[in-house]
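Naming: A, B, ... by sequence-line order, numbering from 1 per chain.
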Amino acid sequence: MTQAQFTIEEIPFFDPIKIANSGQCFRWKILDASHVELVALGRYLQIAYLGSERFAFSCPRSEFNDLWYNYLDLARDYHQVADCILPDDTYLREALAFGEGIRILNQDPFETLICFIISQRRSIPSITTCVERLCALAGRKIDLPLASLESQELFVNLPEENYFAFPNCEEILKLTPEQLDSIGAGYRKEYILRASLAVFSNDANLQSWSNLSDESLFENLTSLYGVGKKVANCVMLFAYARSSRFPIDVWVQRIIDKYYGGSYDINRYPSTAGIMQQLMFYYERNKSIT
DNA sequence: TACCAGGTTCTAA
DNA sequence: TTAGAACATGGT
């Protein structure tokens, strides 16, 4: 008996469209009101909302269990996280009501590192453009589950375009200077190259770094040229499941100044400050748009 | 057109 | 130790 080429799952507190707009990932794309596609972990995935917290994923059950369950952080009980919000934290309560369904992804460390190096002092649309150019130039072409998807009415048919995996360090280092210039990374080009070189030479063994303490991991990440505390905290939060990390960017600083009197005690949420940060960030960026 | 963007590095005090 | 300038490019 052949395995079904899709997986259906009931998932509470999960909103792919909000995740796509949350700023933690740059390769998720909203196709329509109930479909999202993404490229991650070297694969293509489409997610369809079926109603009543039920979702269809364009992959076999085995792939869903092996890869996407962890990537999408489905083991965590987000209702429990929500229950931790203090009664007097009015702003965060509003942020939760607005952003319910956002999960913190467990992304690939190298991809997250390079993406957030690119992110510094740029808008999210601009980051997305730059990341896509890098993938198209240096990334491996991905085999699409086209035939199997088209045979299912659950999913949106794929456009006839190519999808590329995020490149590894070797693939980035193989780019010519002209190619690297053409992705439009500007002065961050040198940061990308030196981070890639550190990983290639094994000075930065990103896989083994997952065993480090928060303090050591932060120290190692910030030792990379072009990686400061903001980018390091984003990598820790979005790729190393360090949910206590609280990246402070211009948006979050604005929130702290406006709603928290200029200082924010992250010890209010010792193990979930990063999740709270993401809710705040999403709320502040999107509340005026919708 | 001018301004700002999920910051970091470098330099001078 | 800290404040401030410089940094490349894209989106609005």
Point-to-point distance, once rounded to the nearest 0.5 Å, from CZ of A:Arg188 to CG of A:Leu193: 14.0 Å
Stacked cation flag A:Arg245 on A:Phe218, 6.0 angstrom / 45 deg: yes
Less than 4.0 angstrom from a charged side-chain N to a carboxylate O is my criterion; do A:Arg61 and A:Glu9 meet it? yes
Take atom P in C:dA8 and the same atom in B:dT11, then report the distance between them in whole Å. 14 Å
Nearest heavy atom decides the nucleotide; on that basis, is A:Ile127 or A:Thr222 closer to the 5' end of DNA chain B? A:Ile127
Which residues in residues 224-239 of chain A have at least one heavy atom lying under 4.0 Å from any atom of DNA chain B? A:Leu224, A:Tyr225, A:Gly226, A:Val227, A:Gly228, A:Lys229, A:Lys230, A:Val231, A:Phe238
Electrostatic pair A:Arg27:A:Glu132 at N-O distance under 4.0 angstrom: yes
NZ/NE/NH1/NH2 to OD/OE distance under 4.0 Å, A:Arg76 and A:Asp73: yes
Centroid separation A:Tyr283 to A:Tyr91 less than 6.0 Å: yes
At a heavy-atom distance below 4.0 Å, what parts of residues 101-114 of chain A sit against DNA chain B? none
Distance in Å, A:Leu41 CG paired with A:Leu105 CG, rounded so as to fall on 0.5 Å steps: 9.5 Å
Side chain to side chain donor-acceptor pair (under 3.5 Å) between A:Gln80 and A:Tyr78: does it pass, once the steps are laid out? CA-CA 5 Å; A:Gln80 206 170 50; A:Tyr78 276 76; over 6 Å; no
What nucleic acid atoms does A:Gln278 come within less than 4.0 Å of, heavy atoms only: base, sugar-phosphate, or nothing? base
Rounded distance (nearest 0.5 Å) linking atom CG of A:Asp83 with atom CG of A:Asp77: 8.0 Å
Measure the distance from CZ on A:Arg285 to C1' on B:dA5 and round it to the nearest whole Å. 10 Å
Let me have a per-nucleotide readout for nucleotides 5-12 of chain C, 5' to 3', with B, S or -, counting only protein heavy atoms under 4.0 Å. --BBSSS-
Does A:Thr128 reach a base, just sugar-phosphate, or nothing at all? Heavy atoms under 4.0 Å. nothing
Below 4.0 angstrom, N of the basic side chain to O of the carboxylate: do A:Lys18 and A:Glu100 qualify? no
Would you mind checking if A:Asp214 and A:Arg242 are paired as a salt bridge, meaning a charged N to carboxylate O distance below 4.0 Å? yes
